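Here the structure is a predicted model, which is why all the values come from computation and not from measurement.
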Amino acid sequence: MGRDNSSLHRAFRFITLILFLIVFLIVYGHLPEKVTFYYDPETLYEYRVDKQIFFYIALGSFLVTNIVLVFSNKILEQLNRVNDSQKRIRIEKSNHYNHLKNWMASFSGVLNLNYLLIVAFVCFYNFQLGHYGWILYIGILLILIWIYRLFKIFNLKKV
């Protein structure tokens, strides 16, 4: 059966959760009343949102994705504990249970890190702190790597 690193993945999720909340609250405290998301210098078009709307949308999406992934992980754990021995044997023999459980816990941390990068991007964009577009690519790259890991989990050879 695959190695169970769930405590490491849960620690990663917890650290990124706390780190996001700290950075988010610091950035939120320093943002102007109207948060700019897009500016076109040629047409002078600017897309702005109230600071409170940004707060609720960012925090809401952060909470929803974390809650969905935590409950999905809990459902997977309950599925493994099902009294129906046939289902339990199938899940354990497939060698996917621990890999999938670890992936879900670490994916939650990766999404938290991505949210942190998005908040940093919004901060840099609003205060014109230099070149900041590469920050978004880091988040996208991390998500793609984790999705690739999910496909590798499902392509594991059966025991």
For [X] and [Y], work out which heavy atoms get closest and say how close.
{"X": "I26", "Y": "H30", "value": "O-ND1, 2.8 Å"}
{"X": "G139", "Y": "L117", "value": "N-CD1, 3.6 Å"}
{"X": "V110", "Y": "F12", "value": "N-CE2, 3.6 Å"}
{"X": "C123", "Y": "V27", "value": "CB-CG1, 3.7 Å"}

Is a side-chain donor or acceptor of [X] paired with a backbone partner of [Y] at a separation under 3.5 angstrom?
{"X": "N126", "Y": "T36", "answer": "yes"}
{"X": "W103", "Y": "I153", "answer": "no"}
{"X": "K51", "Y": "V35", "answer": "no"}

Spatial distance of atom [atom1] ([X]) from atom [atom2] ([Y]) [nearest 0.5 Å]:
{"X": "N112", "Y": "L69", "atom1": "CG", "atom2": "CG", "result": "9.0 Å"}
{"X": "I140", "Y": "I145", "atom1": "CD1", "atom2": "CD1", "result": "12.0 Å"}
{"X": "N73", "Y": "N102", "atom1": "CG", "atom2": "CG", "result": "8.5 Å"}
{"X": "S106", "Y": "L113", "atom1": "OG", "atom2": "CG", "result": "12.0 Å"}

Exercise. Determine, using the 4.5 Å side-chain heavy-atom cutoff (strictly less than), whether I22 and V122 are members of one ILVMFWY cluster.
Key: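 I22 and V122: one cluster.
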Quiz item: Under 6.0 Å between ring centres, would you say that holds for F24 and Y115?
Solution: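 Judged by ring-centre distance (under 6.0 Å), F24 and Y115 do not meet the cut-off.
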